[in-house]
Amino acid sequence: MQLELAARGDQQNSDATPRPQPFSPDQLARELNPAQAEAVVHPPGPLLVVAGAGSGKTRVITYRLARLVAGGADPRRIVAVTFTNKAAGELRERADKLLWERIRVGSRGLWVGTFHSISARLLRQWGEAIGLRKDFVIYDDDDQKRLLGRVLTDLKVPERMFPVRQVLSVIDRAKNQGQSAAAFQSNDYFDDVVGKAYRLYEERLAAANATDFGGLLLSTLQLCASDTPAAREIAERFDHVLVDEFQDTNSVQYRLVRLLSRRTGSITVVGDEDQSIYRWRGADIRNILDFEGDHPGAKIVKLEQNYRSTGNILRAANSIIEKNSERRPKRLFTEAGDGDPIVIFEGETERDEADFVASRIEAGLSAARAPRDFAVFYRTNAQSRVLEDALRARDLPYSVVGGTRFFDRAEIKDLIAYMRAIANPDDGLSLQRIVNVPARGIGAATVDRIGDLVYARKISAWQALELVSTDDQLLGTGPRKKVAAFVELMRRLRAESAGLGPAALAEKVLELTGYRDALAGEATLEAEGRIENLLELIAQMREYEREAEEPTLYGFLERVALASDVDGYDPDKGAVSLMTVHTAKGLEFPVVFITGLEERIFPHARSVDDDSAVEEERRLCYVAVTRARQQLYLSCVRRRRLSGQELPGMPSRFLRDLPSEGIEQIVTSRPPEYTDYSSQGRGPWGGRWSRDEPEYPLNRPVPKRPVAAAPGTRRKPGELTVEYDGDAAPGSGLQVGSKLRHPSFGVGEVRAWQGQGADLKVTIKFPAVGVKTILARFLSNP
DNA sequence: CCGTGCTAAGTTTTT
DNA sequence: CTTAGCACGG
């Protein structure tokens, strides 16, 4: 009782009372299944937990971590690595809770984070040992592309033969495998050029005091492997290492983990080869398959009992994944009943599919099922649009997780670029972005000259700016003065930045640069939206300042650079979730729709010719299926419009692999007529679809004639309701130019309207989605 | 130097 | 179909 009342920070006193037995065999037997308990109590040393989907993986990690601490381990000397910030946050929260409940110790000082954030942290502390400054910035892939583009131009490499994307992917692959620019091997002409580009790219990165995603990890590995006092300190730093999603580690990450755990040998990895879906990003499935061989005496525990899904869903998942060969045999089981049958929908077009999804969600809403309980998955981001339209048409709240990121918007990147340039004067890329934003008369010609100067004299962009603003030989008087004014502006901002938090600094930037005034002066809806976005960013900065232990400008910039798609998922939004299958990993929902299950969509066209790529697609499908708790819908269509052209669709091979029991099928289409698309074939979709390609029949015969969709299930698309939030009352002065707010589209401007009362239709232009004609139902009057 | 209008191009998954 | 990049005219 006394213990219950002990204050949270009161650690000394807890020793006075007898300690409870928080992890006694009895207790564990009550809270864990035998396999879970085995993993939790295994003594420190190499341990691989093969955790099937929904088998209580996070539970095992938190219990094991807590038990290590209960046994005397210091939380500050434990590092737990995850793949997303969201997973890291969850792990920290659950570990903290368990530690407090059971042994009155918090998780304070525990290192939990993604590979990238932990690397950044190590580099900021010890990176100087390998010549890295503490204040480096992190370039995202857009920055990488721009930097490499400039490198390729300077090397006079023909763009046709060496597209930036392709060169970058080779460089990235090399980095993921631990090959630095110096060590880059080339066997052919292409790689010779890539090697040259790689070296110059790295040179420029270093000059900009910047690093990229791959570099973050590679530098950390180099640091840890170096013969320096810093490396020895790091080797002493951690007693226990835990790694989540181990199947997705690449070679560099794996070596890093081994170095961190080498001294004590206490390394716990948790993963599932069946859920390895990041091979294209360098993940090496062998890391998990060979773990035993690499760690003599390693213990392996398999978790096969699933606590998430119904029997029908689990059987479907098993039958899909069983076709793979690169895996240890494993079969998930559940003590739950069969549950509802899985529903397969086969429609005519992607609109029918979207409408089916929306109608089922609408019908499924009840006291027990809120919008947040539904998730819709797709293979590629481009597929989300039709689904969004269909949900909108039924007024269902939805939220697209990932996709075009908030941080990718132009105005956000501009502001971030200012902050980066203030934090790090050497960041040429950011300087280039903002030097003429808002327009201050510094044109492309001037920027080019400064860029040439940087290249020719091997100076930083900032030095070049300072140089041309004082030396009247280099630029004409007009441009020179303008550049000088910009230099002065940046100096002033830097001077003012001292002592300001990120949010206050951002406001200063918007004010002093005239950015906000420039937008306000435009007085358009787009500009209004941009200002709103900037305010949102500043609000995020404030939130960061509240949360972070030690908020700094670098800290915020790092958080921005390392934010992941799924980090934006918030169940409390109360909306139907739309996301790619990749983003869905690690999440679960009562009802799941997997759409676009067609050959060349899922599995993707780029994968169908390569057996091992198809295995990855199969794992992806397995991940998608195992997200569902109670109800699973799978859908495919016979004709799909994708980037302009319509292509015929064949049911995915994954549908053919489903068991014949526990499935309900809804068909509203018929197979497409034979069409020879070979003459029109263009690009990767290269639409050949001939008789030679195998048809994958579903389990029931397909009707000869199309069956009409149920009547009354579909409203006219584009009909929506808006909430009144403007400067005109209905009937009493609604006019062109009035502002209205729509729950999904935001504020829009009235273009035209017709009718009145309940039949009032208004045409509105929304900055976000364009012009829409809407059935307006005014909910409130001013 | 800047904004507009057009054409052409490219379309997987993301820390 | 969308978006990005480019040429042109002001």
Side-chain angles (χ1 to χ4, degrees), chain A residues 81-88 113-120 138-142 144-145 149 159-160 163 165 169 172 175-176 211-217 245 248-250 252-253 276-283 350 377-383 385-386 401-405 407-408 410 436-448 476 478-479 482 522 558-568 579-585 596 600-608 613 616-617 619-621 623-624 640-647 682-687 770:
Chain A
V81 195
T82 61
F83 265 80
T84 65
N85 296 300
K86 185 173 177 294
T114 63
F115 269 105
H116 291 86
S117 70
I118 283 173
S119 294
I138 301 165
Y139 277 1
D140 65 20
D141 57 340
D142 193 55
Q144 286 186 47
K145 259 185 229 141
E159 229 190 290
R160 281 232 175 271
R165 279 181 69 103
S169 95
D172 264 340
K175 279 195 167 181
N176 286 333
T211 188
D212 55 22
F213 290 132
L216 214 44
L217 301 175
E245 306 279 14
D248 285 330
T249 50
N250 65 33
V252 171
Q253 290 164 332
S276 169
I277 56 173
Y278 285 109
R279 192 179 69 138
W280 49 273
R281 208 168 73 189
E350 76 278 3
F377 302 156
Y378 35 82
R379 178 64 178 78
T380 66
N381 279 306
Q383 290 165 245
R385 217 190 171 93
V386 215
V401 184
T404 334
R405 293 162 64 224
F407 295 113
D408 287 338
N436 198 34
V437 178
R440 45 174 79 93
I442 303 173
T446 309
V447 173
D448 275 353
K482 286 167 180 161
E522 279 182 41
E558 185 174 303
R559 172 190 275 221
V560 169
L562 300 182
S564 64
D565 270 359
V566 72
D567 294 340
M579 66 189 90
T580 66
V581 184
H582 280 89
T583 306
K585 189 162 85 147
R600 302 191 168 200
I601 301 288
F602 197 1
H604 193 271
R606 304 272 286 237
S607 301
V608 287
E616 174 131 329
E617 298 279 333
R619 291 193 291 269
L620 200 49
C621 188
V623 167
R640 183 175 293 271
R641 212 178 175 74
L642 210 62
S643 62
Q645 61 178 331
E646 187 170 84
L647 293 173
R682 189 166 70 78
W685 299 108

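None of the values given here were measured: they were computed from a predicted structure.
Phosphate contact (OP1/OP2 of dT11(B), side-chain N/O of Asn381(A), threshold under 4.0 Å): absent. Under 4.0 angstrom from either OP1 or OP2 of dT14(B) there lies at least one side-chain N or O belonging to Thr583(A).
The CD1-C1' distance, from Ile601(A) to dT11(B), rounds to 11 Å in whole Å. Per the geometry, CG belonging to Leu216(A) stands 10 Å off C1' belonging to dT15(B), to the nearest Å. Rounding to whole angstrom units, NZ of residue Lys86(A) and P of dT14(B) are separated by 16 Å. Summarising the geometry, the separation between CZ on Arg379(A) and C1' on dT11(B) is reported as 13 Å, rounded to the nearest angstrom. What separates CG of Asp172(A) from P of dT12(B) is a distance of 16 Å, to the nearest Å. Computed from coordinates, the Arg165(A) CZ to dT11(B) P distance equals 5 Å when rounded to whole Å. Here dT13(B) presents its P atom at 15 Å from CE of Met579(A), a figure rounded to the nearest Å. Distance, Asp212(A) CG to dT14(B) C1': 14 Å, rounded to whole Å.
Between Phe213(A) and Gln144(A) the shortest side-chain heavy-atom distance falls below 4.5 Å.
When the ring pair (Phe, Tyr, Trp, His ring centres under 6.0 Å) test is applied to Tyr139(A), no partner is found at least two apart in sequence or on another chain. Looking at residues two or more places apart in sequence or on another chain, you find a salt bridge (Lys or Arg N to Asp or Glu O under 4.0 Å) between Arg559(A) and Glu547(A). With sequence neighbours left out, Glu616(A) forms a salt bridge (Lys or Arg N to Asp or Glu O under 4.0 Å) with Arg619(A). Taking the ring pair (Phe, Tyr, Trp, His ring centres under 6.0 Å) definition, one finds that Tyr378(A) meets it with nothing, sequence neighbours left out. Taking Lys86(A) as the reference, Glu90(A) meet the salt bridge (Lys or Arg N to Asp or Glu O under 4.0 Å) condition, with sequence neighbours excluded.
When the nucleotides dT13(B), dT2(C), dT15(B) are ranked by their closest atom to the side chain of His116(A), dT15(B) comes out on top. With dC1(C), dT12(B), dT13(B) as the choices, the nucleotide that has an atom nearest any side-chain atom of Arg606(A) turns out to be dT12(B).
Gln253(A) CD to Leu217(A) CG: the interatomic distance, rounded to the nearest 0.5 Å, is 5.0 Å. Note that the OG1 atom of Thr446(A) and the CG atom of Asn436(A) stand 8.5 Å from one another [nearest 0.5 Å].
Residue-level contact check: Phe83(A) touches the backbone only, with heavy atoms under 4.0 Å from sugar-phosphate atoms and none from bases. Within 4.0 Å (heavy atoms only), Arg619(A) reaches no atom of the nucleic acid at all. Using a 4.0 Å heavy-atom cutoff across all strands shown, Ser117(A) reaches no nucleic acid atom at all.
Comparing the P positions of dA4(C) and dT13(B) gives a spacing of 15 Å, expressed to the nearest Å.
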Return the polar atom pairs (N/O with N/O) between nucleotides 1-6 of chain B and the protein under 3.5 Å, or none.
residue	atom	partner	partner atom	Å
dC1(B)	OP1	Gly443(A)	N	3.2
dC1(B)	OP1	Thr446(A)	OG1	3.0
dC2(B)	OP1	Gly441(A)	N	3.1
dC2(B)	OP2	Asn436(A)	ND2	3.2

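For the pair Trp280(A) and dT12(B), the ring geometry does not qualify as stacking, because the centroid separation below 5.5 Å and plane angle under 30° are not jointly satisfied. Here His604(A) lies parallel enough and close enough to stack on the base of dT12(B), with planes under 30° and ring centres under 5.5 Å apart.
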